[in-house]
Amino acid sequence: MLSDMNAPQREAVKYLDGPLLVLAGAGSGKTRVITRKIAYLVQECGFDPRNIAAITFTNKAAKEMQERASHLLEGRAGKQLNISTFHALGVKMLRTEAKAAGLKPAFSILDSSDATAIVSDISKETEKSRLRALVSRISGWKNAMLPPSAAASHAADEMEALAARVYEEYERTLRAYQAVDFDDLIGIPARLLASDEELLERWQRRLRYLLIDEYQDTNSCQYQIVKLLAGHRGAFTAVGDDDQAIYAWRGADVENLRNLQTDYPKLKVIKLEQNYRSMQRILSAANTLIARNEKLFDKKLWSDMGRGDPITLFIARDADHEAESVAMRIASHKFEHRGKFSDYAVLYRGNHQARVIETALREQKIPYVISGGQSFFDRAEIKDVMAYLRLVANGDDDPAFIRAVTTPKRGIGGMSLEALGRYAGERHIGLFAAMFETGAEHALPARALTPLREFGDFINRLEWRARTEAPRLLLEDLLRGIGYETWLFEQFEPKEAETRWNNVREFVDWMGRKGEEDGKTLMELTQTVALITMLDKRDDGEERDAVQLSTLHASKGLEYKHVYLIGLEEGILPHRESIDGGKIEEERRLMYVGITRAQRTLTLSHCERRKSGRESRDCEPSRFISEMGEDVQRPKKDGAAPTAEDRAARVAQLEAMKARLAGKVLPGS
DNA sequence: GCAGATTGGATTTTT
DNA sequence: TCCAATCTGC
């Protein structure tokens, strides 16, 4: 059964004598190991699939793992597995243990923009970078399980002192709304498991074996959950790669790898070093580079796929020339090798770097897609509809109330809401409850109260129906009831309104399908959508034959035949802030992640000069280039930069080649 | 003095 | 691309 795996992979699947850490290098088949191990536990060891939990960081990874594991298992077993993100597991625990957490089971989940809006309200801070600093400081404390009181005494400077004050008020606000943020989805379950023995035992019985993916990305809260659930039995397999830890800035702590060894002295460590993705030369360069980092575990990737092409480095005059050159290289390479555009990826440090590349690719008429971008559920129109659903599920959700009551406009403005807010504040209740109280009749003029109560009745009717009726019909009635389509077309240009309305339709369809397939009520669905991101949208992006543009961070876990790493300059990669903050090692890992995305060829580039303001400055090539050793082919130093004529000649050559190929291909296809 | 236009500069992102 | 700071025209 395991004959198609290599020895360490097989060992990792079969090892069940205690806690296991699998150090899985890039492209070493870690998902394979996890899914096979799940199948092994069920088929060979008699585990009930309901007692196995696999935890990932993204919905995408969870979905992929679910599919692959189900494929290996027979019948319904796959469906019974608990494969989810940390956050989804947290939601599940919180919904069942809501009472112990002091929450109603229908609590709301606030996304980052909701949370940021609340922090902004409390702190009166509107400037983006300072607001973001506050939010991330608070989030950092929450992930370290530090309560507001402790944060206040730890505050190191003026900004932290402010953050601590905001943090306290923020937590109070969330509880008043019966809402939790993303950090709470991990933090509150961790607290519950730690403080309630009976509850802990119940969950330990329920989840008897844990498999954790991307372990190097865990924060201390997440590690607490793992440790508590696994208990002293240590029935878990953690899979990770310390060389690919690139998320320290958002709370991930590679130290958790070391902690695993101290907390579980009997921890077994298995390394997966055979890589099935890249040619040896690429791996050698990656190994040489990463060897510069202080390491806990030594690891050397190798491959039996052959040595491969040399790694090319080219030096461009400036950013425009770099982009132009990348576009040109992709075009000629593609036509020469008759490959697909989707075999090529351009990777960079910051999103803004994509812009020049886009322009250059468009000029060459090369199709491209930019990975990432705005997620479906972040769109205003989806958030509008979600606000109604959140309010239907949880009347205490004031942010949802405000958004719903003002979208579309129904004659309730800032004045009425402020008056209602004052009254609700005095009475220590939510806005929704406040407007139905007799006292509200004195606090607000009838002119304002009447439409408010009409709105309230509308929500109450929906709430009543939501308990029994199918989601699709109800959603359609909701949209009709608030005249959302009409409102969209009043607000926006026809084209814009059309797209937005289509998004809403897609949302309704998706909810409707879910309701029919899984027999879920609207209430149940509402409580899970906050965590779901792209739906199946990602698929159409992958199906188009297009060059992939991506940040290095977003490229983790993906692979491409031909990779172009651009902007390899001091200040960009490594980034200035990281150089100043002494965070070179994480930048080096980022470079490592980029290199190991490549299967066949890797092309590096940097600029000689970059314009900043009116004049342009010299740039220094990234230290990482020389740190890759001799596998990088240095460009010929003939001194002369290519002239306009040289470039014209290359364009002509390329055009001729395209024409030739087109001529050959056309008659047949 | 202000709204609208233009210019310039940019860490990284998921839940 | 997106956002904020600066500039222009009234």
Side-chain angles (χ1 to χ4, degrees), chain A residues 55-63 84-92 94 109-116 126-133 135-136 139 142-143 180-189 213-214 217-219 221-222 244-252 319 347-359 362 368 370-378 528-534 538 549-557 567 569-581 583-584 586-591 593-594 610-617:
Chain A
I55 307 173
T56 64
F57 273 83
T58 64
N59 289 311
K60 198 184 162 207
K63 198 179 157 204
S84 70
T85 60
F86 262 111
H87 291 85
L89 177 66
V91 175
K92 200 175 197 177
L94 273 185
I109 299 169
L110 303 183
D111 69 19
S112 338
S113 62
D114 299 324
T116 308
T126 50
E127 203 259 326
K128 225 186 91 182
S129 68
R130 268 176 299 179
L131 184 59
R132 211 173 42 188
V135 170
S136 84
S139 172
K142 292 185 78 157
N143 286 326
V180 299
D181 64 17
F182 284 138
D183 296 327
D184 288 329
L185 293 178
I186 314 289
I188 301 177
D213 191 20
E214 305 279 12
D217 288 341
T218 50
N219 61 38
C221 251
Q222 289 159 336
Q244 293 188 73
I246 53 173
Y247 285 113
W249 52 274
R250 65 179 202 207
L347 307 180
Y348 36 81
R349 178 65 230 253
N351 287 117
H352 63 274
Q353 292 175 272
R355 225 198 134 263
V356 224
I357 301 290
E358 277 185 86
T359 317
R362 254 200 308 266
Y368 63 87
I370 303 180
S371 83
Q374 215 193 10
S375 108
F376 189 71
F377 284 87
D378 283 341
T528 48
V529 265
L531 288 180
I532 300 164
T533 36
M534 289 293 272
R538 209 163 274 240
L549 306 192
S550 170
T551 62
L552 287 160
H553 282 93
S555 76
K556 195 171 116 185
E569 289 143 44
E570 289 290 302
I572 298 180
L573 184 70
H575 195 272
R576 173 95 268 135
E577 307 271 314
S578 301
I579 300 174
D580 296 343
K583 295 179 184 123
I584 292 296
E586 181 146 315
E587 296 287 304
R588 193 176 280 116
R589 291 193 289 267
L590 199 50
M591 177 80 179
V593 166
R610 216 169 256 280
K611 50 177 176 285
S612 81
R614 212 136 293 144
E615 75 269 40
S616 74
R617 287 160 201 259

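Order of the sequence lines fixes the chain letters, A, B, ..., with proteins taken first and strands second; residue numbering starts at 1 for each chain. The shown structure was predicted, so the numbers you read here are calculated from the model rather than taken from an experiment.
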Exercise. So A/Gln353 and A/Leu573, side chain to side chain contact (heavy atoms under 4.5 Å, CB included) or not? Walk me through it.
Worked result: CA-CA 12 Å; A/Gln353 292 175 272; A/Leu573 184 70; over 6 Å; no
For this session: Could you tell me the separation between the CZ atom of A/Arg576 and the P atom of B/dG9, rounded to a whole number of Å?
Result: 16 Å
For this session: Report the stems of DNA chain B as range-with-range entries sorted by first number; a stem here is at least three consecutive pairs, Watson-Crick or G-U wobble, both distances under 3.5 Å, and write none if there are none.
Result: B:1-10 with C:1-10
For this session: Quick one: closest heavy-atom pair of A/Tyr348 and A/Ala354, and the distance?
Result: OH-CB, 3.4 Å
For this session: Could you state the atom-to-atom distance from CG of A/Leu94 to P of B/dT15 in whole Å?
Result: 18 Å
Problem set entry | Atom pair CE/CG of A/Met591 and A/Leu347 - distance to nearest 0.5 Å | 10.5 Å
Problem set entry | Salt bridge flag under 4.0 Å for residues A/Arg130 and A/Glu127 | yes
Problem set entry | Whole-Å distance separating the CZ atom of A/Arg130 from the P atom of C/dA4 | 11 Å
For this session: Please report, rounded to the nearest Å, how far the C1' atom of B/dT13 is from the CG atom of A/Asp183.
Result: 13 Å
Exercise. Given atom CG of A/Asn219 and atom P of B/dT15, what is their separation to the nearest angstrom?
Worked result: 15 Å
Exercise. Partners of A/His553 by ring pair (Phe, Tyr, Trp, His ring centres under 6.0 Å), sequence neighbours excluded?
Worked result: A/Tyr247, A/Trp249
Exercise. Does the side chain of A/Leu590 come within less than 4.5 Å of A/Arg349's, by heavy atoms?
Worked result: yes
Pick out the pairs of N or O atoms, protein on one side and nucleotides 10-12 of chain B on the other, that lie under 3.5 Å.
{"residue": "B/dT11", "atom": "O4'", "partner": "A/His575", "partner atom": "NE2", "Å": "3.2"}
{"residue": "B/dT11", "atom": "O2", "partner": "A/Arg349", "partner atom": "NE", "Å": "3.4"}
{"residue": "B/dT11", "atom": "O2", "partner": "A/Arg349", "partner atom": "NH1", "Å": "2.8"}
{"residue": "B/dT11", "atom": "O2", "partner": "A/Arg349", "partner atom": "NH2", "Å": "2.1"}
{"residue": "B/dT12", "atom": "OP1", "partner": "A/Asn351", "partner atom": "N", "Å": "2.8"}
{"residue": "B/dT12", "atom": "OP1", "partner": "A/Asn351", "partner atom": "OD1", "Å": "3.3"}
{"residue": "B/dT12", "atom": "O4'", "partner": "A/Arg349", "partner atom": "NH2", "Å": "3.3"}
{"residue": "B/dT12", "atom": "O2", "partner": "A/Trp249", "partner atom": "NE1", "Å": "3.1"}
{"residue": "B/dT12", "atom": "O2", "partner": "A/Arg349", "partner atom": "NH2", "Å": "2.7"}
{"residue": "B/dT12", "atom": "O2", "partner": "A/His553", "partner atom": "NE2", "Å": "3.4"}

Exercise. Do A/His87 and A/Ile109 come within less than 4.5 Å of each other through their side chains, counting heavy atoms only?
Worked result: no
Problem set entry | A/His87 NE2 - B/dT13 C1' separation (whole Å) | 12 Å
Exercise. Got a second to check how far A/Glu577's CD is from A/Lys583's NZ, nearest 0.5 Å?
Worked result: 8.5 Å
Exercise. Is there side-chain contact between A/Val91 and A/Leu94, with at least one heavy-atom pair below 4.5 Å?
Worked result: no
Problem set entry | Whole-Å gap separating P (B/dT15) and NZ (A/Lys142) | 18 Å
For this session: To the nearest Å, give me how far apart CG (A/Leu185) and P (B/dT15) are.
Result: 12 Å
Exercise. Does the B/dT14 base have a donor-acceptor partner in the side chain of A/Thr85 within less than 3.5 Å?
Worked result: no
